[in-house]
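The structure presented is a predicted model; accordingly, all values stated were derived computationally and were not measured.
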There are 4 protein chains.
Amino acid sequence: MTLNFGVIGTGAIGREHIKRITDKLSGGKIVAVTDVNEEAARQVVKQYGLEALVYPDDKSLVNSENVDAVLVTSWGPAHEQNVLNAIEAGKYVFCEKPLATTAEGCRRIAEAEMKYGKRLVQVGFMRRYDSGYVQLKQAIDRNEIGEPLMVRCVHRNPEVDEKYTTQMAVVDTLIHEIDVLHWLISDDYKSVQVIYPKKASRAHANLKDPQLIIMETKSGIVIQAEVFVNCKYGYDIQCEVIGEDGVAYLPEPASIVTRKGAKRSTDILVDWKDRFMDAYDIELQDFIDSIVKTGQPNGPTSWDGYIAAVTADACVKAQESGQKESVDLEEKPVFYTGKITVQ
Amino acid sequence: MTLNFGVIGTGAIGREHIKRITDKLSGGKIVAVTDVNEEAARQVVKQYGLEALVYPDDKSLVNSENVDAVLVTSWGPAHEQNVLNAIEAGKYVFCEKPLATTAEGCRRIAEAEMKYGKRLVQVGFMRRYDSGYVQLKQAIDRNEIGEPLMVRCVHRNPEVDEKYTTQMAVVDTLIHEIDVLHWLISDDYKSVQVIYPKKASRAHANLKDPQLIIMETKSGIVIQAEVFVNCKYGYDIQCEVIGEDGVAYLPEPASIVTRKGAKRSTDILVDWKDRFMDAYDIELQDFIDSIVKTGQPNGPTSWDGYIAAVTADACVKAQESGQKESVDLEEKPVFYTGKITVQ
Amino acid sequence: MTLNFGVIGTGAIGREHIKRITDKLSGGKIVAVTDVNEEAARQVVKQYGLEALVYPDDKSLVNSENVDAVLVTSWGPAHEQNVLNAIEAGKYVFCEKPLATTAEGCRRIAEAEMKYGKRLVQVGFMRRYDSGYVQLKQAIDRNEIGEPLMVRCVHRNPEVDEKYTTQMAVVDTLIHEIDVLHWLISDDYKSVQVIYPKKASRAHANLKDPQLIIMETKSGIVIQAEVFVNCKYGYDIQCEVIGEDGVAYLPEPASIVTRKGAKRSTDILVDWKDRFMDAYDIELQDFIDSIVKTGQPNGPTSWDGYIAAVTADACVKAQESGQKESVDLEEKPVFYTGKITVQ
Amino acid sequence: MTLNFGVIGTGAIGREHIKRITDKLSGGKIVAVTDVNEEAARQVVKQYGLEALVYPDDKSLVNSENVDAVLVTSWGPAHEQNVLNAIEAGKYVFCEKPLATTAEGCRRIAEAEMKYGKRLVQVGFMRRYDSGYVQLKQAIDRNEIGEPLMVRCVHRNPEVDEKYTTQMAVVDTLIHEIDVLHWLISDDYKSVQVIYPKKASRAHANLKDPQLIIMETKSGIVIQAEVFVNCKYGYDIQCEVIGEDGVAYLPEPASIVTRKGAKRSTDILVDWKDRFMDAYDIELQDFIDSIVKTGQPNGPTSWDGYIAAVTADACVKAQESGQKESVDLEEKPVFYTGKITVQ
C-alpha cells in the first residue's frame, strides 16, 4: 500500500520532505501540493517530476479523496488551522514544529483529535529518531545507569544572524531539547529558570548568548541545558544523563580520527543540517510505516506539541523574570498515554 | 522511473535484498523471482506480498521483458553463469560476492561485458558505501595525510563454527579488505605473504587463527592485515592509513559512552550483520539511482571482482607456501578505468 | 641547602607528608615533630627512622632554631593558632586545608603575614599542581579558547559514610573546586546558588546528594558545579571551560584501554587518594624549591585561604536559603597580587 | 641511608641524571665525577654546586671508598670497560644503553657479574618504568586479555637528521621496543624479518624509512613493529597486545581535549624528551631504593642488555638480507631468572 501525501507549503523544508519521500523513502507518494504562492507549488511539481495536482488552498487539498496524509510545512502561524482542517477531514497529518504558535492552539488540536477519536497527528520532532538518542533511551529504560537524577545538555551553533533574538534561543533552539528530554527520561517538567552567563562578544547587541536553562521535572530530576548560538567552533549537540549508578552520553557523530600536525583530532560538524539528516529520513519512514501497518502514527503526538508549547512559554517567562517559573501542564489525557515504540 | 528487479536465489540474503528494495529503498521493484527450489520462490512472493512472477529458471527470468535488472543471490558456484546470462540479455546485474568462484570466471564476465559494450555489472562489495570508509577515502584523496605508505587493518569475529577453514580466512573474510583497500588507496596489489602467529586456543583443530597477511602494492605501500575469527570480544573492523604527513583511522561505530562500575566504556558490536547495515542500503540505492540517472551502475565492477579473485588466489597460495607470492593481475582495460564517485 | 621541617600533627596526612619529604622529595628534612598525643609523635620518629626531636607543643616547635618551615597537619580547629604562631616566629608554613575554620580566622592570618612583611604561608590546595589543571590553565592563559564564559565541573565520590553531612559537600568537597576555579579563570566569585536534584537513593537520610552549585564571578562567568558523593561508579573529577572560541577539558587520568567482552573501556579511579597523588608530590617539592630559590613560597596564599572560606560560607548559606547569596570578599591587598607561576 | 654516586661521563645525559639525583630524587648523592674532558667534569661540579670530587679516570673513581654506585653515561664504546671495572670493584652500576656495543661484550659483563655472585648492574631501559607500560603489563599478567598472540607497536619521530642511518632504526630506535616487549609478554625472541614499505619522501637519501620489523617469539607470538622516524606529525609511541580474550593498549599521554575550529582534538607530543620524563625519575629512584632496601638493583639486568644486543644484531642482519633471521640467544642463566617487581 502506498501512502498518498498532500503537501501544504512548498518552501525549503517542504521541498526537502518532497524529495525525501520521492527519492529515498519507500511507501509514500506526493499526490497533491499547495502553497500561498501557487506558482511556487506548480514549480515544485515540475522540478521534481511529481505526478501531483496543485490545489488552490489547504482546505481543498485536505479534502481531496486522493490524499491520505497531509504534510504541513507552511509557515508557523498557519500550522494550527492546517492541522485542524486535516483532522476535520479525517486525514493523517505530519506537522513540522511548531504544532501551533500558542499552547492554546496545541490544546485545541489535541481536543479536535480526541473528538475525532483516533491519533492522526505527528509533530516533526526528529531527535527521537536519531540513533544516538534511541540508544541513550534504551540504556536508561534498561536501567543501565539506574534512576536518572540529572541531565546535562548542550545545544551550540557556530553563529546566528541579526534576526535571531533572545527568545528564539527557547522557541527555535531549546525547543528540540524540550521535546526530546521529557521523552528520554519519561517525566514531565515542573519548573524552569534561566541564567545568563557572561555574554559572548560575538553575540549581537540584543541577543543574550549563551543562556543556561535549568529545568526541574515532577520527580525532581534537574536538567542543565546550555544554549550557545555563537560558539564559533561548530554545531554541537551533547546530552548526558547522570543516574544513580552511572552516566550515559549521547554518542558523538562517527567521524575519522587523524594524527596530524601534533594533534589527534576528529571533525566536528558545522552545519546543523548534517547532524540529524538520518533522523529526518527515519522519522518520515516511520510515519508512513506506522500508518500503513497500524493505522496510526507512532511519533510525537499533539500532546507532545502541547507540552513543548507550555514549557517554552514558561522558559520565555523565566528569561524575562529572572525567577523560577512553573510549567503548568494539564494532566495528560489517557488518549495520549500509549507507549511510543521506536523500531 | 522504477527499476524492475528479477531475483535469482531467494535464500537468506536474497530475501533481505527483496525486503530492502520493497520496504526501505526508493525506485526499485521486485517483479520476478526464481530459485532452484521453486516452492521457496513462491513462498517469498507470498510472504512479502510482492507483485512478482515466479520463473522456472534464471534464463527465462533474465529474458523477461519486465526485468530491467537482475539480482544474483544464488549460491556462489552459480554466479558466473547467472551473470553471463544477464549480460547476454543486456540486463543490469547486481551480483553478490563472489562474482565467480575462479579468477578465470571473473575474466570471462569482464570479457562478455566489454563485448556488450557497456557496464552492466556491479559486485556486492558494500564496504565502499560505508560512511566511514567514504570519509577515509575522501581524507586520503584530499591529501590530508599525504601519500599513503602503510595500511593496517583488522578483521575480527567473535567465533566461527567447525566448517570455517584456514582458506576461508581469505576467501570469505579478507576478501572484503582485498576489495576495499585497493579502492581506498587507488593502487594495485603486487605480492602477498601470510604469517601465522600463535594459534588461539579457541580455534578449531584444522583452522589456523589468527593470520597476518602482508600485502604489497605496485607503488610499494605495505598493508598489514589481521584476520582473527575467534577473538571472542566482538565483531571489529579497523583500518588505519599511515601517510607521509599523518595517519587517518576508520571511525568506530557511534555508540553511547557510559561511566559505570569503575569503567568508562562503549559497546563493541558482536554481530557482523549490524556493522554494515546502512552500507547495504546505500549500495543498492546507489545501484538503482546510478542506472536511472546515468544508464549504468557506479559501484565495484566486474574488473574489481577479477582483482579480488586473483588476489585471493595469491593469498591462498601464500597461506600454503609460507612464501611471498606475486599477484599477477592483467593490465586494467580502459573500459574499466572510469572514476567511481560515491555520492 | 636543605629546608628543615617541623611537623605539627602526626595523624594520617602528617605521616604521609613526612614519608613524602623523607623518601621521595629532594631538599627537605624532618627535624621536629609534635602531636597532641606525644607518644604518637615519638612513634612516628621511630617508625620512619627520622633524625627529629619530639617537641611538647607547637609553640616550642615553631620556635626551635632548627626549624625553617612548619607543616601544619593538626586537626582543623587548631590550624589558625598553629599558623599564627609560626608567622610570629617568622617561619614558613605549609598548612593543610582549611587555613582556619572561619573566614575571620583566615583574615587574621593574612593580617599577621602582611604585618610580618613577607609571604610565609602556603595552603595545601594541591589541584593547582595537577598536570591536567596546569595544562588547562595554560590553554586558557594562551587564549586558546578565547574568554571563558562558563565552566562546568563535577566532583563525584563512590560513597560516603553516615558522618558526611549536606554542609560537608561544600566545606570538604566543593572547597577544592572553589580554590582551583578562581585560579584557573583568574576571576573572583560574586554570588552562589544551590539546587538540589532528585536525591540519590543511596544517600543517607540527612544528606542531600547530589547538589548543583551555580557560582557567578565578578566578570559574569557562570560555573555549574556538581557534587555527587554517592555516585557509586568511581571517583571522578571533571572540569571543562567554555570560552568564546572553544571548549577545553581537564584530561582524564591516563589508563590502558581494552577491547574485551563487547566493550571498549578504560578504568575510572575509585579511590580519591590515587587521583592527585603526583600533585601532592609536586606541591610540596615546589614549596621547598620556591623557598630555597626565592625566599618565599609560590603556591596558594593566605588570601586564597580567605577566599575559599568566604565562598564556602556563602555556599552553606545558599544551601539553607535556597536563594542566590552574595560572596562578600574584601578587596585583595596588593601584598597578595603577585603572579603565581607553576614551573 | 644515602647512596653515593660516582658519575662517568658528564655529557648531556650525565648532567641530566646528576640534576635528577640532586634536585628531584631522594636518597642519592653525587660524590664523584669523571670525564675524558676533566675540565668539563670540574665545570659540572661547580655548575650544580656538588660536594663531589673530580677523578682523573673511571678506574680511580670506581675504586674510591666514597662511591657506592657508578652511573655510566660515557660514550657507548666505553660502557663495557666502565661496567667491568665497576663490577671488579664490587660497585653497583647504572649503565645507560647500550650495555656494550656487541653481544659478546654484554656476555662478558654478565659473566663478570655472575662470577662476582650478586646482581650489581642495571641497564637504562626506562620504559619498564613508564606507568603506561606498567599498567599494560599488569593487565597481561592478571590475564585480563588472555594469552598474548600478537603485539603491534609503533615508534615514530617527527624527523631525523642526515646522520641517522637505516641501521640506527634498529640500534637506536627499535632497541627500546626490543627491551620492553620481551619483558611485557614474558617471552624470548626467536626470529625477525624486516619489510620496507614505500619510502617517505622526507627520508634522507640513504635512509630506508619507514620500516616494519616482524618479530616472532619462542611461544609463537608475532610482533609487528613499525619504526618511522620522519612521520612529521609528532613523537608517537603506541603498543597494543592482542590476546585470546581481548586487546589492551598502552595509554596515550594525558592531555587536555579541546573543541575548537570544527575539531575535537588533543595534543600529540613532538619532543621525545617529554614522553618518558617521569619514567627516568622513577627508574633512578627505583635503582636507589632497591639497593638501599634489598642490596641489589631491581631493573633491567646485564642479561637484558645481552638479549637486546643479540636481537638488534639479528634485526640488522634481516635489514640487509631481506630474509627471516634467527635470534640465537643462549639459555638464560638461573642467576638472572629472579622476578622483577615494579613497585
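Between the CG atom of Asn230(B) and the CG atom of Asp245(D) there is a distance of 11.5 Å, given to the nearest 0.5 Å. Atom CZ in Phe228(B) sits 5.0 Å away from atom CG in Leu149(D) (nearest 0.5 Å). Distance check: Met150(B) CE to Leu212(D) CG gives 6.0 Å after rounding to the nearest 0.5 Å. The distance from atom OG of Ser201(B) to atom CD of Glu244(D), rounded to the nearest 0.5 Å, is 3.5 Å.
Neither the backbone nor the side chain of Asp236(B) comes within less than 4.5 Å of any heavy atom in chain D. Neither the backbone nor the side chain of Ile223(D) comes within less than 4.5 Å of any heavy atom in chain B. Of the two parts of Lys324(B), neither the backbone nor the side chain holds a non-hydrogen atom closer than 4.5 Å to a non-hydrogen atom of chain D. Proximity to chain D (any heavy atom under 4.5 Å) is restricted, for Ile242(B), to the side chain, taken from C-beta onward. For a residue to count as touching a neighbouring chain, one of its non-hydrogen atoms must lie under 4.5 Å from one of that chain's; by this rule Pro158(B) does not touch chain D. With a threshold of 4.5 angstrom between heavy atoms, Ile195(B) approaches chain D through side-chain atoms but not through N, CA, C or O. Using a 4.5 Å cut-off between heavy atoms, Tyr196(B) touches chain D through its backbone atoms (N, CA, C, O) alone.
The environment of NZ in Lys317(B) is sparse: at most 12 heavy-atom neighbours from other residues, nucleotides or ligands sit within 6.0 Å. In this structure, Glu159(D) places its CD atom where only 12 or fewer heavy-atom neighbours from other residues, nucleotides or ligands lie under 6.0 Å away.
When the candidates Pro210(B), Pro197(B), Gly246(B), Gly146(B) are compared by the number of heavy-atom contacts under 4.5 Å with chain D, Pro197(B) comes out ahead. Heavy-atom pairs under 4.5 Å with chain D were tallied for Gly234(B), Ala203(B), Cys231(B); the largest tally goes to Cys231(B). Ranked by heavy-atom pairs shorter than 4.5 Å toward chain B, the options Lys232(D), Glu216(D), Arg202(D) are led by Arg202(D).
Here the closest non-hydrogen pair linking Lys198(B) and Pro148(D) is CD-O, 3.7 Å.
Between Arg152(B) and Glu240(D) there is a salt bridge, since at least one side-chain N of the basic residue sits less than 4.0 Å from a carboxylate O of the acidic one.
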